[in-house]
Amino acid sequence: MNSIRELLATTRVLPGDAAADAPLLLAHILGKDRSWLYAWPEYRLAPEQLEHYQTLLQRRLLGEPLAYLTGHKEFWSLQLHVTPDTLIPRPETELLVETALGLPVETTLAQVLDLGTGSGAIALALASERPRWQLTATDISNNALDLATQNAARHDIHNICFVCSHWFLDLDADLCWHIILSNPPYVAEDDPHLQEDGLPHEPISALTAGADGLRDLRRIIHTAPGFLHPGGWLLVEHGMDQGTAVRQLFRLAGFRCIETRQDLERRDRITLGCYSPDHGHE
Ligand code: GLN
């Protein structure tokens with residue numbers, strides 16, 4: 001039983017997402033796209049191809065996310081390499097990109113900082129849309145920075161400077177940006193969701209932030225004003241139940257025009273605010 005037709009027939013009875021992911025794994029090991037499978041149903045896999053497919057399918061059935069098995073994930077129409085060193089880019093994070101692109105920045109040469117870039121998804125999406133923006137993308141993990149740098153090279157993107165830094169800690173204190181944005185870890189350490197949906201396979205440092213999930217958001221929001229040009233914007237992604245707390249952190253840090261936006265599933269997902277020293281701490 002090693003023709004594509006026979007193998008596809010067996011995938012239909014697989015549980016959960018594995019039924020939809022199995023054809024993608026099959027296409028991946030053959031180096032083809034999914035439509036190729038349906039065009040060549042009589043193609044017979046060589047024994048080593050079959051073994052490779054069965055190994056990957058087994059790992060998928062045990063909960064490993066598809067993106068780690070194929071090594072890539074699409075974000076904002078860019079095909080990105082991903083490894084277990086970084087979070088897998090999520091579609092809801094595209095809201096952060098979309099919102100940043102819509103901000104009323106006065107210069108076409110905006111300086112933009114992406115904190116905790118991981119695979120580089122946010123910075124790469126912005127850089128590809130705005131070739132004249134100057135982006136800085138940080139991460140605490142050198143493995144993540146290597147991956148993000150490779151992703152930039154793959155897409156021929158040259159307007160991003162990658163820097164190893166723990167949030168703002170290792171950045172030159174004199175630097176300023178027009179837009180700072182981040183998808184930091186924001187899941188509470190005891191959140192049962194961490195045991196589901198492939199999350200046990202993702203780096204815990206990219207997911208959790210203290211008992212309430214707000215540890216890193218607090219640091220970022222508190223410190224950002226010192227690194228923003230007057231009138232600059234901060235945008236952060238957060239959990240669906242953190243909107244009120246995050247808006248309060250923005251207020252305490254002296255931001256104005258504070259707003260929370262919802263993702264396509266109508267869950268609070270990002271908060272943004274503008275920092276202007278004149279209207280700062282009151
Ligand atoms: N949205 C992710 C999840 O709940 C978490 C991403 C993050 O912590 N930045 O699966």
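Ligands are counted one by one from 1 in listed order, and the atoms in each one are counted from 1 as well.
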| said: When you compare the side chains of Tyr186 and Glu237, does any donor N or O come within less than 3.5 Å of an acceptor on the partner? | reply: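 Distance-only check passes for Tyr186 and Glu237.
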| task | Looking only at distances, please establish whether an N/O atom of ligand 1 is found under 3.5 Å from an N/O atom of Arg90. | result |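 So ligand 1 has an N or O lying under 3.5 Å from an N or O of Arg90.
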| task | Return the residue, atom name and 0.1 Å-rounded distance of the protein heavy atom closest to atom 7 (C) of ligand 1. | result |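 For this ligand atom, the closest protein heavy atom is Tyr186 CE2, 3.5 Å.
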| query | To the nearest 0.1 Å, how far is atom 4 (O) of ligand 1 from its closest protein heavy atom, and which atom is that? | reply |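 Heavy-atom neighbour on the protein nearest atom 4 (O) of ligand 1: His193 NE2, 3.3 Å.
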| field | Over 12 non-hydrogen atoms of neighbours within 6.0 angstrom of CD in Glu51 | value |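 Not more than 12 within 6.0 Å, no.
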| Heavy atoms of other groups near Trp40 CH2, more than 12 under 6.0 Å |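 No.
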| query | So is Pro184 in contact with ligand 1, going by heavy-atom distances below 4.0 Å? | reply |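 For ligand 1, residue contact (heavy atoms, under 4.0 Å) with Pro184 is present.
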| message | I'd like to know whether ligand 1 has Ala206 as a neighbour, heavy-atom separation below 4.0 Å. | response |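 Yes; Ala206 lies near enough to ligand 1 that a heavy-atom distance drops under 4.0 Å.
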| request: Go through ligand 1 atom by atom and flag the ones less than 4.0 Å from a non-hydrogen atom of Asn183. | output: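 Result: 7 (C), 9 (N).
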| query | Going by the order shown, which atoms of ligand 1 are within less than 4.0 Å of some heavy atom of Leu207? | reply |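 Here the atoms of ligand 1 in question are 5 (C), 8 (O).
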Quiz: residues 191-199 side-chain donor-acceptor pairs under 3.5 angstrom, not counting sequence neighbours:
| unit_1 | atom_1 | unit_2 | atom_2 | d |
| --- | --- | --- | --- | --- |
| Asp191 | OD1 | His193 | N | 2.8 |

| said: Checking the side chain of Asp139 only, and the main-chain atoms of Gly118 only, is there a donor and an acceptor separated by less than 3.5 Å? | reply: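 Judged by distance alone, yes, a pair lies under 3.5 Å.
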| query | Is the side chain of His178 donor-acceptor paired with the backbone N or O of Gly231 at a distance under 3.5 Å, no angle test? | reply |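 Answer holds: no.
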